[in-house]
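The structure appears below as structure tokens.
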Amino acid sequence: MTEPQELVEKLLTELPGWLPAQRWFAGKDRPVGSVRPLRTTVLLEDPLLVHLVVEVEQQDRVEAYQLLVTDREESYDATTDGELTGHLLDLMVRGGEVDGLGFEHEPDAELTGGLRGRPITSEQSNTSIIFGSQYILKLFRKLSFGPNPDLVLHRALRKVGCEHIAQPLGSITGTLEGQPITIGMLQQFLPDAVDGWAMATTSVRDLMAESELHADQVGGDFAGEANRLGQAVATVHADLDRALGQHDADDDDIQGTVRAMHARLDAVAAMVPALDPFVPALREAFDKAVDNQGAIVVQNIHGDLHLGQVLRTVHGWLLIDFEGEPAAPAAERAALKSPLRDVAGMLRSFDYAAHQLLVGQEEDPLLTERALEWARRNRAAFCEGYAEAAAESVGDPRRHGELLRAFELDKAVYEVAYEYANRPEWLTVPLSSIARITGEGA
Ligand SMILES: Nc1ncnc2c1ncn2[C@@H]1O[C@H](COP(=O)(O)OP(=O)(O)O)[C@@H](O)[C@H]1O
Ligand SMILES: O=P(O)(O)O[C@H]1O[C@H](CO)[C@@H](O[C@H]2O[C@H](CO)[C@@H](O)[C@H](O)[C@H]2O)[C@H](O)[C@H]1O
């Protein structure tokens, strides 16, 4: 039998090489310096299951990550071990504390234990484990201090009876250096759900295969779904307002938003030289948005909305993952924002879905035109649906054209950084959008 301390010490020597190979590791853009343990909790002794929080230092950046480890798996990673992750569910079913880690179910949730876990295989920023066909547990890999927006917003939306979320059912929490941290969230699992990205890209593929037909004529037309998705997003915004409120944006909110856009651009342009030619046009678009924004409200929003964050079930669209942008600091993710940001995120995603098939292909003007046509049609349908269901205080997003454009461009700048760090071959997707939106030519 391995002693917990022995396992942790062995692991620490291997982590600098192991971490960058993990999809969820957010620091792939710079080398890992030191890794030191911050918190070790033995959840089971035989078989050994240890919850470990480590501090990862990378040049000027220091982040805390959580790991679930065992001596049973060759890779040490216990999230792939169904029996061991089943123990986490059982702890939430019972409710209670293990050495400062709190395992809870939501007050009125009746959970069934005794299920083995299986990790999901899709690309993601965290690690999610499915139990039977009932539950999904997300383990937040990069830990932030303070309330976790995913858990806070899911609980608030549940209270007002929001129909467009997977119900929150439980949580794992703890403290780190005296401050609260959220380790995991258990939710209702929708086994038959299809994510918006898969549906949208199937539709694009259909269109590309039909050289004689237009976007409204092919069998896989997505515009009806895009419209319903717009309605669902507007309804979630209205529910978030009912649950947690909103207020009119004042000058400070607006100036702060634009300052943040410029600051993000400074940081990303310093890292990715390919962004250089677009910097003046981007700055102009950000400044123009302040002059012409009109009255807007700020409130809690999703914060990182894209087609991979929406699930189509037989009953309609659900929004998942209310964590905000994974790379943003916790305070920025918790700040109230314009709902137009979510609209802009989804508009960017329609652009992504339309253009991703062309990545790495030889330039083909016909296919490029097809991609633009698909994006135009579905972006319009989404805005139409949003406007139909939006609260009066928010209204039709197209009324705020300049601001919406600035939010889209700001999101595309974020995506440049994201792709640079995670999928360099996709960098051309946000860059070509920036070229198109600013009219600067790629
Ligand atoms: N409640 C759910 N029911 C079914 N599938 C889900 C559910 N929640 C998440 N998923 C699947 O898990 C994937 C990752 O979930 P997400 O919350 O976006 O994690 P991450 O924060 O790591 O990006 C989603 O793209 C979706 O395919
Ligand atoms: O889902 P996450 O919270 O992990 O979001 C991050 O990863 C996304 C990619 O998985 C990234 O989204 C970008 O690529 C999507 C296609 O894969 C596209 O639909 C989005 O519009 C685009 O932003 C997201 O930005 C990032 O935060």
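Predicted model, so just to flag it, every value in this text is computed and none were measured. As the structure lists them, so they are numbered: ligands from 1, and atoms in each ligand from 1.
Put simply, part of Gln309 is less than 4.0 Å from ligand 2, judged by heavy atoms. Ligand 1 lies less than 4.0 angstrom from a heavy atom belonging to Gln309. At least one heavy atom of Arg423 sits closer than 4.0 Å to an atom of ligand 2. Ala193 does not count as a contact of ligand 1, since none of its heavy atoms falls under 4.0 Å from the ligand.
Counting heavy atoms closer than 4.0 Å to ligand 1, residue Leu318 contributes nothing at all. The proximity of Ile136 to ligand 1, defined as any non-hydrogen pair under 4.0 Å, is limited to the side chain. Neither the backbone nor the side chain of Met346 comes within contact range of ligand 2; no heavy atom lies under 4.0 Å. For Asp321, every heavy-atom contact with ligand 2 shorter than 4.0 Å involves the side chain, none the backbone.
Close approach to Arg23 involves these atoms of ligand 2, each under 4.0 Å from a residue heavy atom: 10 (O). Of all atoms in ligand 2, listed by their number and element, those nearer than 4.0 Å to a heavy atom of Ser349 are 18 (C), 19 (O), 20 (C), 21 (O). Close approach of ligand 2 to Ser125 is summarised as follows: ligand atoms under 4.0 Å from at least one heavy atom of the residue are 2 (P), 3 (O), 4 (O).
Considering each of Phe322, Tyr135, Phe189, the one bringing a non-hydrogen atom nearest atom 5 (N) of ligand 1 is Phe189. Ranked by closest heavy atom to atom 9 (C) of ligand 2, the top entry among Trp197, Tyr414, Tyr418, Tyr352 is Tyr418. Counting only non-hydrogen atoms, the option in Asp195, Ile320, Ile130 that gets closest to atom 26 (C) of ligand 1 is Ile320. Comparing Leu311, Thr313, Asn126 against atom 7 (C) of ligand 1, the shortest heavy-atom distance belongs to Leu311.
On a distance-only criterion, Asp304 and ligand 2 share at least one N/O pair closer than 3.5 Å. An N or O contact shorter than 3.5 Å links Leu190 to ligand 1 by distance. By the 3.5 Å distance cut-off applied to N or O atoms, Gln187 is not counted among the residues near ligand 1. Considering backbone and side-chain atoms together, Lys138 places an N or O closer than 3.5 Å to an N or O of ligand 1.
Classified by interplanar angle (parallel below 30°, tilted 30° to 60°, perpendicular above 60°), the ring pair Tyr65/Trp24 is tilted. Taking the six-membered ring for Trp and thresholds of 30 and 60 degrees, His302 and Phe322 have ring planes inclined between 30 and 60 degrees apart.
Distance alone, capped at 3.5 Å, is enough to place a donor-acceptor pair between the Gln187 side chain and the Ala166 backbone.
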